[in-house]
Undergrad: 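Have a look at this one.
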Amino acid sequence: MHSKIARAVAAALAAGALGAAGNAAASGFALPEISAAGTATANAIVANPEEIGAIPYNAAAMGFHDSSVALGAIMIGANFTATTGSGKNHSQGADWLAAPLFQGALKINDQWRIGFGINAPFGLETRWPYGTFPRLTGSTPVRISRTATVDIPNGNHPTASELEILDFVPAAALRVNDSLSLAAGLDIYWVKSAQLDSNLGAMSGDGTGLGFNLSAMYRVNALTLGVSFHSSSTIGIDGSYEPLNGTLLALGRLQPAQDASVDLTLPWRIQLGARYALTDTLAAEFDWTYTGWSDFDRLEVTGEATGALISAETEDWSDASAYRFGLTWDVQPATQLRFGYAYDETGQGDAHYSPRVPDGDRQLFSLGVAQDLGSGYSIEASYLYVLGNERKYRSTIPYRLGDEVNGTSAINGDYEMDANVIGIEVIKTF
């Protein structure tokens, strides 16, 4: 891979270019919506011992339940716009994307439970039409001999960025006593598909990674405390690179198609929560989530044929907090209403800002309902609206072909986003 194109690929990756399930509901490319109950309470559910939907957030919640199975999906409709020198441009991703929800728990005895879950805790999709960033479009005639000129592209224009990550989560919980439950598990990440395209080249691949999680839940009278920690994980993405500009390829400034690899580090995250039952039917919870985006700092692109380091990029994200509030209200013995609000801070600064992840602080507003159907069955539905704060990005760093695009004046503009998230889940307890 030619070094200039490698730098562009690495820079896009380093800014979080990988993504698929929507980058809709949290800072960076995290997607914390991993149950219908969690989505309905703006993800303030890590200290909830009553709901099956708390188990994906805190496996220790299994200790307060009998056996159960939950199956559903989260559907995300995200809208991204960038107002640049070419006007207002809309990211042309899919109108709606879906992420699976599955959680099973088996009560072995009064002390032990084992569980297994599948969800999609990270993802993004952005697709900017060519021409969104005028400085990176078009070409300039360059003389290559006394009698010949060729048109050299002006820039490396980002187009499509997509990532599909699934997390397979086996876990075990120990009910220590009536008040305390502890749990531990694995996070087995599968990058089902990764795509990174520009007008000059494209990279696609897949890979796997491994992490672990630890959690605890403590209930005394009306108060419940919960904590859940997920380690960071490095995923080795192996794929192929394809040059897309014939002129640069013919001039030897792009090499032919070849295999390439890059390591993607997913951040660690911790969530602390306190829930208080105000009455027999009304409970409130406040959670704090802290995500270790500073681990997402450096990426190196390596050529598979030679094993040599092609390029290295520093991302320089910062750790970020999210503040979540959830409310549950049993309006009838078989019907529960849920409400939530959250404020998520971005970990992405201006130094390496990328249009592939047009991130900013966000507010989340949610509501939902759970209905007991009898015979151990229930159905849950949720709706969450994400409103991203407008980000007016301005840089004075010029861009030249071969430089990384991120953090330069070539992508100056006003970035906005909002999203609609719908969750549906069917639960069976036995």
Side-chain angles (χ1 to χ4, degrees), residues 1-20 80 82 84 86 89-94 124-142 144 148-164 191 193-207 237-262 264 299-306 308 310-313 354-358 399-408 410-411:
M1 187 184 298
H2 191 275
S3 61
K4 292 184 177 180
I5 302 305
R7 286 198 298 270
V9 171
L13 288 169
L18 297 177
F80 296 89
T84 65
S86 63
N89 303 273
H90 298 271
S91 174
Q92 298 178 336
L124 168 75
E125 181 180 31
T126 55
R127 296 180 181 272
W128 297 114
Y130 184 70
T132 297
F133 310 104
R135 172 63 184 83
L136 305 177
T137 61
S139 59
T140 300
V142 174
I144 59 173
T149 61
V150 295
D151 291 332
I152 301 297
N154 290 330
N156 184 20
H157 189 294
T159 52
S161 308
E162 183 178 355
L163 178 71
E164 297 179 69
V191 177
S193 176
Q195 178 186 0
L196 178 63
D197 294 352
S198 74
N199 63 311
L200 301 186
M203 182 178 180
S204 61
D206 55 25
I237 298 176
D238 297 315
S240 60
Y241 168 76
E242 181 74 24
L244 298 180
N245 186 275
T247 299
L248 294 181
L249 181 63
L251 291 175
R253 296 177 64 178
L254 290 180
Q255 291 191 2
Q258 63 176 294
D259 292 338
S261 65
V262 62
L264 171 69
L299 286 162
E300 297 179 346
V301 177
T302 304
E304 292 297 302
T306 63
I310 296 175
S311 180
E313 294 290 341
S354 169
R356 296 184 183 272
V357 187
Y399 169 80
R400 295 176 301 176
L401 182 63
D403 294 342
E404 63 171 286
V405 173
N406 302 341
T408 69
I411 57 172

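Here, residue 1 is the first one in the sequence, and each next residue gets the next number. Only a predicted model underlies this, so the values are computations on that prediction, with no experimental measurement involved.
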Undergrad: Determine, stepwise, if the pair Leu251 / Ile152 fulfils side chain to side chain contact (heavy atoms under 4.5 Å, CB included).
TA: CA-CA 10 Å; Leu251 291 175; Ile152 301 297; 3.6 Å; yes
Undergrad: Assign the ring pair Phe133 / Trp128 to parallel, tilted or perpendicular, where the plane angle (0 to 90°) is split at 30° and 60°.
TA: perpendicular
Undergrad: So, does Thr149 use its side chain to make a donor-acceptor pair with the main chain of Val142 at under 3.5 Å?
TA: no
Undergrad: Could you walk me through whether Ser193 and Ser204 pass the side chain to side chain contact (heavy atoms under 4.5 Å, CB included) check?
TA: CA-CA 7 Å; Ser193 176; Ser204 61; over 6 Å; no
Undergrad: Can you list the steps and then say if Gln195 with Arg127 is a side chain to side chain contact (heavy atoms under 4.5 Å, CB included)?
TA: CA-CA 11 Å; Gln195 178 186 0; Arg127 296 180 181 272; 3.3 Å; yes
Undergrad: Could you pull out all residues at least two apart from Asp206 that satisfy side-chain contact (heavy atoms from CB on, under 4.5 Å)?
TA: none
Undergrad: List in chain and number order the residues that pass side chain to side chain donor-acceptor pair (under 3.5 Å) with Asn154, two or more places apart in sequence or in another chain; answer none if no residue qualifies.
TA: Thr140
Undergrad: My understanding is that only residues two or more places apart in sequence, or in another chain, count here; which of them pass side-chain contact (heavy atoms from CB on, under 4.5 Å) with Ser139?
TA: Asp151
Undergrad: What residues, two or more places apart in sequence or in another chain, satisfy side chain to side chain donor-acceptor pair (under 3.5 Å) together with Ser198?
TA: Asn156
Undergrad: Run the side-chain contact (heavy atoms from CB on, under 4.5 Å) test against Ser86 and tell me which residues pass, sequence neighbours left out.
TA: Thr84, Asn89, Pro134
Undergrad: Can Ser261 and Glu304 be counted as having a side-chain donor-acceptor contact under 3.5 angstrom?
TA: yes
Undergrad: Can you give each donor-acceptor pair under 3.5 Å made by side-chain atoms of residues 242-250, sequence neighbours left out, with the distance rounded to 0.1 Å?
TA:
residue	atom	partner	partner atom	Å
Asn245	OD1	Thr247	N	3.2
Asn245	OD1	Leu248	N	2.8

Undergrad: How many angstroms lie between atom OG1 of Thr132 and atom NE2 of His90, to the nearest 0.5 angstrom?
TA: 10.0 Å
Undergrad: Hey, is the main chain of Ala260 close enough, under 3.5 Å, to the side chain of Asp238 for a donor-acceptor pair?
TA: no
